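We're numbering straight along the sequence, starting at 1. For clarity, every value in this text was computed on a predicted model and none was experimentally measured.
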Amino acid sequence: MARASLILCLLALFVAVVVAERVNKSSSAGLVWSTAKEEAELVRKPDSDVDPTAGVVDDIDGIDGGFSSLDGMLQWAIGHSDPEKLKETAQDVQRMSPDELKQRQMEIKELMEKLKTPSDAQLMQIAIDDLNNSSLTLEDRQRALHELLILVEPIDNANDLSKLGGLALVIRELNHPESEIRKLSAWVIGKASQNNPTIQRQVLEFGALRKLMMMVRSSFVEEAIKALYAVSALIRNNFPGQQLFYAEAGDLMLQDILGNSSIDIRLRRKAVFLVGDLAESQIEAKDDVELPFFSNSLFLKSVVDLMVWPDLDLQEKALLAVKSLLHLKTTEARVFQEFCNLDILLDKMKQQLQGLTQDEFQKDYAVDVENLRREVELIYHRKLGQVGQVPT
């Protein structure tokens, strides 16, 4: 509402100046004012039965930074102004000297510039400048990172973050003593890296992957979750990133998360999803040698065991990961059968899902997961060489 009042005052003054200026240039001896009805014909007037400022606020919010022309602004202002007050203001302006009138016009121009909506790049530069300010308060630093989190979602904006020098600053914030700042920084990096090879490459060149992997082990759960989110975004469909992840013992990190029942379930969901994604990447890279940890018995068991965890979302993600792992050439059906007890767990999962189909709120989801379970079961038996019959 304050913004609306400011704009209305500004526009009223603008109209008065323009009208007075036109009158001064006119050969007419006097000024003839149109009635309110005539003015309403220029633009739509707000409903007189409701709060007159309500429509004004909506109109102002909708113009997104300005009018297409001065005449358009003039007409809008006339239609939303009180004719008597406008007349008085115009008469006051007419009594101004040329120098005073010019000064008033300059003031109006300055105010109009301030009311313009800044571009994403300008907003990003403001946030980057804030992060570069060592005396910035913790609250303002968080605000700057929150703004970047929103701004970097479009891929062009994410690329601008690097061009404006912001990527290096955000990576620097990963070492901030406050966990909340580290969490937000990891989140921004993850958001900017998603499906963006340019940013992925630059983040890796800055050496941020190792730091993010260390943060995954943080005792601050939210920090660990956002760090793993960033790691996943960095190495997704990115072979050099995956190679560096494996070199930093990423497989052991994932195995520790998957096998530790005391770890927050959100972190385990992200970890098992990443396993499936990495296995899928390995399948697509047909000519590359498969990495040994995919066939590690303990690693495989840590994934398979999650199929019967009492969380349907986690079960689904574990099934998807097992499905991809079964497609790998180096994984052995015997290991899934004898060490991971995949037969037993598939059957146990079937019983769990049958119970959930009686739940009105989970029935549809449980049916979808059961269909996926049957698909995995078929792939497993095919790998065993027992395609003939699949239990129903």
Side-chain angles (χ1 to χ4, degrees), residues 232 235-237 239 242-243 245-246 249-261 268-357 365-392:
S232 298
I235 66 177
R236 184 177 178 82
N237 299 321
F239 184 72
Q242 291 174 12
Q243 291 297 104
F245 175 76
Y246 300 140
D251 56 321
L252 294 179
M253 180 193 79
L254 290 175
Q255 186 176 323
D256 288 346
I257 295 171
L258 298 175
N260 187 344
S261 60
R268 301 180 86 192
R269 287 179 191 144
K270 288 187 180 299
V272 76
F273 182 82
L274 178 55
V275 170
D277 193 55
L278 291 172
E280 195 65 33
S281 295
Q282 189 77 71
I283 294 168
E284 293 172 0
K286 297 178 182 178
D287 298 331
D288 294 329
V289 177
E290 291 183 2
L291 293 159
F293 83 85
F294 281 123
S295 55
N296 179 286
S297 300
L298 290 173
F299 181 83
L300 293 175
K301 182 171 174 55
S302 69
V303 178
V304 173
D305 284 348
L306 295 180
M307 288 170 38
V308 292
W309 195 260
D311 179 88
L312 201 53
D313 187 21
L314 184 58
Q315 286 182 343
E316 181 186 33
K317 287 178 169 59
L319 269 176
L320 289 168
V322 170
K323 176 184 172 182
S324 295
L325 290 167
L326 283 168
H327 279 301
L328 292 175
K329 293 176 291 187
T330 54
T331 56
E332 299 180 25
R334 180 183 56 80
V335 173
F336 281 106
Q337 183 181 45
E338 298 176 5
F339 190 80
C340 301
N341 297 315
L342 185 55
D343 299 86
I344 297 172
L345 294 183
L346 281 169
D347 187 62
K348 184 176 180 180
M349 187 178 192
K350 179 181 178 180
Q351 304 305 318
Q352 288 178 342
L353 292 170
Q354 284 178 344
L356 289 175
T357 56
Y365 191 13
V367 169
D368 289 341
V369 176
E370 168 58 18
N371 290 334
L372 176 61
R373 187 202 68 83
R374 288 180 57 79
E375 185 183 356
V376 170
E377 190 173 44
L378 180 63
I379 296 168
Y380 168 54
H381 281 273
R382 185 180 293 126
K383 199 172 180 77
L384 281 172
Q386 300 174 357
V387 190
Q389 247 184 342
V390 176
T392 58

[Y] backbone acceptor or donor facing [X] side chain under 3.5 Å:
X      : Y      : value
Lys348 : Val308 : no
Gln337 : Leu342 : no
Lys270 : Ser232 : no

- Do you know which of Leu346, Leu319, Asp343 makes side chain to side chain contact (heavy atoms under 4.5 Å, CB included) with Glu377?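 Per the side chain to side chain contact (heavy atoms under 4.5 Å, CB included) rule, the option paired with Glu377 is Leu346, out of Leu346, Leu319, Asp343.
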Interatomic distance, [X] atom [atom1] to [Y] atom [atom2] [nearest 0.5 angstrom]:
X      : Y      : atom1 : atom2 : result
Phe299 : Asp251 : CZ    : CG    : 7.0 Å
Arg382 : His327 : CZ    : NE2   : 7.5 Å
Lys323 : Leu320 : NZ    : CG    : 6.5 Å
Gln255 : Ile257 : CD    : CD1   : 11.0 Å
Lys350 : Met307 : NZ    : CE    : 13.0 Å
Leu353 : Asp368 : CG    : CG    : 10.5 Å

- Should the heavy atoms of other residues, nucleotides or ligands under 6.0 Å from CZ of Phe273 be counted, would the total exceed 12?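 Count not over threshold, so no.
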Just wondering, do [Y] and [X] contact through their side chains at under 4.5 Å, heavy atoms?
X      : Y      : value
Leu356 : Val369 : no
Tyr365 : Leu312 : yes
Val272 : Trp309 : no
Phe336 : Leu325 : yes
Gln352 : Gln315 : yes

Who passes salt bridge (charged side-chain N to carboxylate O under 4.0 Å, His left out) against [X], sequence neighbours left out?
X      : value
Asp347 : none
Asp277 : Arg236
Glu370 : Arg373

- Task: Apply the test side chain to side chain contact (heavy atoms under 4.5 Å, CB included) to residues Leu278 and Tyr246: give CA-CA distance (whole Å), side-chain angles for both, the deciding distance (0.1 Å), then the verdict.
- Result: CA-CA 11 Å; Leu278 291 172; Tyr246 300 140; 3.6 Å; yes
- salt bridge (charged side-chain N to carboxylate O under 4.0 Å, His left out) between Asp311 and Arg268: does it pass, once the steps are laid out? CA-CA 11 Å; Asp311 179 88; Arg268 301 180 86 192; over 6 Å; no
- Query: When you check the side-chain N and O atoms of Glu280 and Ser324, is any donor under 3.5 Å from an acceptor?
  - Reply: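 Yes, Ser324 and Glu280 have a side-chain donor paired with an acceptor closer than 3.5 Å.
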